Novice: 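Got a structure for you, questions after.
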Amino acid sequence: MSEPQVFERIDAQIEQENKFSEQQKKEFKEFVREYYTELQFEKDDIRIDRFSVENFRTIDKAEIEFNRADTILYGRNSKGKTSLIKALLYNIAGLPENSSAFDMTNLVKTDRTTSSTTGFWTIDDEPMTLERALRQKGQGNSLSGDEEPYLSESHTQEATLSAEFTDPSRVLETFGLQSLKQRGHDPYSVLSLFFLMSEDFTRFLGESHSELIDLLFGINITAVISAIENKIDELELKKIEDESAQRRVQYSDQEDEIQEELRTVRSNLEEKLDELKQKEDRLNNLKDALEDENQLNKLRSQRDEQKGRLADLKTERSGVVEQLASIRRTIERYQDTELVDDMSGIADELRNFMTIPDRCPICTNKVDTDQREAMLHDHACPLCRKEMPDDRYRTEVEYADPEEATKRDSTHHEESLDEYREDEMRLVAKRERLDNKIESLEAGIEELTEDIEQSDLSDLADKRDELQREVKDLRDETVELQIREETLSQQLSRVTYERKAYGHFVDIAKEKNSRREAFSRLKGIVERARTRRREKIKSRIGEEIQSLFDYFTGGTLRDAHSIEFKSGGSYHFEITTSTDMLDSSVADESTAEINLHALLFHTAILKLLSQSIEAPPLKLFVIDSPFANEVDERNAGDIVDFISALPDILPDYQIILASAETGDFNPEQYAGSYNLEEFS
């Protein structure tokens, strides 16, 4: 029952999906073909010849001859008919994963420790024997032996517990259950199609069996959908990936905060080190002054030396001021977007850009760096205070701006504005440090001058002691700042690493989310194709059920005239009669309604499967207690008629019916259609 042209339809839908890249389209077409696998069964026809069981539930010992024929087991209530059917299920599939869900509990008879089941089967016209024992330890539910079946190619019971057991998966493969199990379907769920048990007549009607029905009827794209769902689950974000974007922002903020604090600490450390050096120098000078005989000359020499250093610092500061002014002008030009966009067009004009003279163009007196800076900002001579004409100011070239725009290398335009601002901050800090040094030196010179004038060595001793205390405090502060700098550097390295790591997880999360979204769109395409195919199968099942209405003439279905399957993923349906609407999803489980729905649905499914060359090999239809629940006389009559006709409706199946002798059940009514086996 393979799906015709399924690949062509899905390929066309994939091509029409404009959110797929060309690579994804190719990948998804291959994905569909990879997981689109049709069911293949090793055997074609399996029937039961004879079955024996010991110590299973309520049964001491029993052996039934089925002879591959349609058979009715009858007898009084509580004699073990249902236990025998459960033993038959156990013989085929062992224990289910969830024993309570299938009422497969307390399997070893009370006061016994072992039970055994032996099925004499005919498989593709060849006799085979399947033995499966069960052992119970202690008073609890510890069971073993179900995974030690023995499958032999004869009907002679020669196997023993010491024999070499057959691989359980090999047994399931023989009975057509292994490939379905590999696709996620519990063997007992599959067997519930062939075993209609009274404890849950609606088990096979639920949505949980919809995918199984799809597979049985060749809707193999259901396997593709399962593979897509597994892929989507695999692409589910891990916790670290899901939190990565938020965590990266957090670490990025921490990184900025640490960098800012680290810059502050380093700036403070440089200032403290400069201050410490100055005070240590002054302290050493004072010590030397106090020890030298010619104290006055020593002080004068020290003052002259410090004046020389002061002159050097002022010269250095002038250079820093000039660099800072140049950087600020560069920043202003970078901020002027029109100038950046048309830099090449105004290169000639920049050659005559404003320069800073080293003489006043009016009074011709020389000006120093600070005075030149005042001329730049005030457009007036700081000496004569006269305003300078524009033409004279612009043509002055005695002191040229060191970073004329016309001489800039083309690479300067590629530097980021942030780098210039960083240079600006560095130069400002350097200027401030120089100012501090100059101020300190000036103060030191002033002190030395006073010392020279006073020439009081006792004052110098007091100053030495005070400086020693200050030097000690400064050393302690610099050590603390150095430790803090090292700590912040380590924190910055760790936080930067974390930010980069979470950035990597952000990329992974984006890729996963993109893949999940793409697979979700692919799932929608394949699901639409499955829905079209499923609707056709529902229509066929509905036609078969409707054809079975003719067997129901006296009870609830006596005037049923149509059936309609519900939309969506389930195979639930509604039967319309002249007076009522019978919904299989809410059928009354205490009346005949539930029995009728189950009989119709299972019979229709099995009849359609019998027409397929890919149907499961098990050719059994086992019905336990068809007259269970409150079946009224007229519905009981319809059920009798339907059961009597089942061998003709399902000629390819071996039908086994187990029923208690009640007012609704008379075994003689079935004598012409079934072999009758009284079970006592």
Side-chain angles (χ1 to χ4, degrees), residues 45-54 56-93 117-130 155 157 175 191-199 201 551 595 598-599 602-603 606-607 609-610 616-628 636 639-662 664-680:
D45 189 283
I46 300 176
R47 300 169 191 268
I48 186 71
D49 284 276
R50 187 169 80 254
F51 189 68
S52 64
V53 56
E54 291 186 15
F56 197 92
R57 290 181 58 146
T58 63
I59 300 174
D60 285 322
K61 185 174 182 180
E63 183 168 328
I64 303 295
E65 294 284 348
F66 291 103
N67 298 316
R68 285 172 283 168
D70 300 324
T71 304
I72 290 182
L73 302 176
Y74 67 95
R76 288 178 297 171
N77 273 322
S78 303
K79 291 299 180 179
K81 296 179 293 301
T82 298
S83 294
L84 187 135
I85 293 175
K86 295 287 186 181
L88 192 59
L89 278 166
Y90 173 77
N91 183 253
I92 296 172
T117 65
T118 305
F120 299 91
W121 301 88
T122 295
I123 302 178
D124 288 350
D125 296 326
E126 296 294 331
M128 298 193 78
T129 301
L130 175 59
H155 274 179
Q157 194 171 354
F175 281 81
L191 289 174
S192 65
L193 170 63
F194 303 94
F195 287 75
L196 188 54
M197 304 301 294
S198 59
E199 77 261 6
F201 278 137
Y551 295 97
N595 305 45
L599 285 169
H602 282 251
T603 301
L606 292 176
K607 185 175 181 181
L609 287 177
S610 68
L618 192 62
K619 295 301 185 288
L620 290 183
F621 186 23
V622 181
I623 304 171
D624 178 42
S625 304
F627 298 99
I639 293 174
V640 169
D641 292 340
F642 186 73
I643 291 173
S644 298
L646 269 179
D648 294 326
I649 298 171
L650 299 174
D652 296 321
Y653 285 85
Q654 180 183 2
I655 299 167
I656 298 174
L657 176 71
S659 179
E661 288 186 274
T662 65
D664 298 322
F665 179 81
N666 180 3
E668 299 302 324
Q669 293 175 294
Y670 308 98
S673 303
Y674 294 88
N675 289 338
L676 301 178
E677 288 286 337
E678 185 174 5
F679 194 86
S680 60

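Only a predicted model underlies this, so the values are computations on that prediction, with no experimental measurement involved.
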Novice: Roughly how far, to the nearest 0.5 Å, is the CG atom of Leu130 from the CD1 atom of Ile123?
Specialist: 8.0 Å
Novice: In chain order, what residues pass the side chain to side chain donor-acceptor pair (under 3.5 Å) check against Thr82, with sequence neighbours excluded?
Specialist: Asp624
Novice: Is a side-chain donor or acceptor of Asn666 paired with a backbone partner of Glu668 at a separation under 3.5 angstrom?
Specialist: yes
Novice: In a check of side chain to side chain contact (heavy atoms under 4.5 Å, CB included) between Phe194 and each of Ile92, Val622, Leu89, Leu606, which one passes?
Specialist: Leu606
Novice: Please state whether the rings of Phe621 and His602 are parallel, tilted or perpendicular, taking 30° and 60° as the class boundaries.
Specialist: parallel
Novice: Got a second to check how far Lys79's NZ is from Leu73's CG, nearest 0.5 Å?
Specialist: 15.0 Å
Novice: Would you kindly say whether Ser83 and Thr58 are connected by a side-chain donor-acceptor distance under 3.5 Å?
Specialist: yes
Novice: Could you grab the distance from atom CD1 of Ile48 to atom CD1 of Ile656, nearest 0.5 Å is fine?
Specialist: 7.0 Å
Novice: Given the rule in the side-chain contact (heavy atoms from CB on, under 4.5 Å) test, do Trp121 and Asn91 qualify, once you have shown the distances and angles that lead to the verdict?
Specialist: CA-CA 11 Å; Trp121 301 88; Asn91 183 253; 3.2 Å; yes
Novice: Just verifying a value: how many Å separate Leu620 CG and Leu193 CG, rounded to the nearest 0.5 Å?
Specialist: 11.0 Å
Novice: Atom OG1 of Thr117 and atom CZ of Phe56: how far apart are they, to the nearest 0.5 Å?
Specialist: 7.0 Å
Novice: For the side chain of Lys81 and the backbone of Arg76, is there at least one donor-acceptor N/O pair under 3.5 Å apart?
Specialist: yes
Novice: Does the Glu677 side chain pair with the main chain of Ile72, one donor and one acceptor, at a distance under 3.5 Å?
Specialist: no
